[in-house]
Chemist: 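Dropping the structure in here first, questions after.
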Amino acid sequence: MGQHWVNEEMTGCDLGDARLNQRLAVMLEALGDRPDKSLPTAFQDWANTKAAYRFFANENVSEDKILEGHFAASALRIQATDGPILILQDTTEFSFKRSSPEKIGFINESTGRKMKEGRHLKHTVCGLLMHASL
């Protein structure tokens with residue numbers, strides 16, 4: 001896939017340290033080349049795999065900071081078109097515990113498994129909801 005798309009996706013992303021930004025770029029390129037592979041297989045050697053795990057464990061790295069660049073790049077792509085925008089999605093749902101779920105949008109509230117007390121576990125399903133007015 002090459003480095004070009006990585007640079008576009010990271011334009012609005014700053015992890016506060018040039019080394020972390022560079023590690024994210026290397027990781028995005030490796031994962032982009034092998035999106036269906038596990039981390040060890042995508043990175044192809046133990047040094048890069050270990051670096052990826054250290055990256056994710058770093059307290060200065062967060063999901064919000066990583067996604068800033070992608071959100072900014074997505075907004076620019078949306079603003080660059082006058083026509084309809086097609087956003088593909090599969091039926092997979094993820095349930096993340098978030099301190100600020102409004103940043104990615106609410107999809108619905110779902111009832112999960114039954115707990116020992118007989119009540120059902122409820123969780124909020126979140127997802128990115130975009131439209132042309134971004």
Chemist: Quick one: side chain to side chain contact (heavy atoms under 4.5 Å, CB included) partners of Thr81, sequence neighbours excluded?
Modeler: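 Result, side chain to side chain contact (heavy atoms under 4.5 Å, CB included) vs Thr81: Ile85.
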Chemist: For Ala42 versus Ala30, what's the shortest heavy-atom pair and its separation?
Modeler: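 Heavy-atom minimum between the residues: O-CB, 3.9 Å.
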Chemist: Indicate every side-chain donor-acceptor pair of residues 21-28 with a distance under 3.5 Å to a residue at least two apart or in another chain.
Modeler:
| from | atom 1 | to | atom 2 | distance (Å) |
| --- | --- | --- | --- | --- |
| Asn21 | OD1 | Leu15 | N | 2.8 |
| Asn21 | ND2 | Asp14 | OD1 | 3.3 |
| Arg23 | NH1 | Asn48 | OD1 | 3.3 |

Chemist: Kindly indicate, with the supporting measurements, whether the criterion side-chain contact (heavy atoms from CB on, under 4.5 Å) is fulfilled by Thr49 and Thr41.
Modeler: CA-CA 8 Å; Thr49 301; Thr41 305; over 6 Å; no
Chemist: Once rounded to the nearest 0.5 Å, what's the spacing between atom CZ of Arg54 and atom CG of Leu20?
Modeler: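 The CG atom of Leu20 is 11.0 Å from CZ of Arg54, to the nearest 0.5 Å.
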Chemist: Rounded to the nearest 0.5 Å, what separates atom CG in Leu39 from atom CZ in Phe55?
Modeler: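 With rounding to 0.5 Å, CG (Leu39) is 11.5 Å from CZ (Phe55).
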Chemist: Side chain to side chain donor-acceptor pair (under 3.5 Å) with Arg77: which residues, sequence neighbours excluded?
Modeler: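 Applying side chain to side chain donor-acceptor pair (under 3.5 Å) to Arg77 gives Glu9, Ser74.
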Chemist: Taking all non-hydrogen atoms of both residues, which atom of Gly32 and which atom of Trp5 are closest, and how far apart?
Modeler: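 So the two residues come closest at CA-CZ2, 3.9 Å.
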Chemist: Go through Asp33 and Glu29 one step at a time and tell me if the side-chain contact (heavy atoms from CB on, under 4.5 Å) criterion holds.
Modeler: CA-CA 6 Å; Asp33 289 343; Glu29 188 167 4; 4.1 Å; yes
Chemist: Give, for atom OG of Ser38 and atom CZ of Phe43, the distance between the pair rounded to the nearest 0.5 Å.
Modeler: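 Going from OG on Ser38 over to CZ on Phe43, the span is 9.5 Å.
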Chemist: Same cluster for Ile78 and Leu76 if Ile/Leu/Val/Met/Phe/Trp/Tyr side chains link at under 4.5 Å?
Modeler: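 Looking at the clustering, Leu76 is in a separate group from Ile78.
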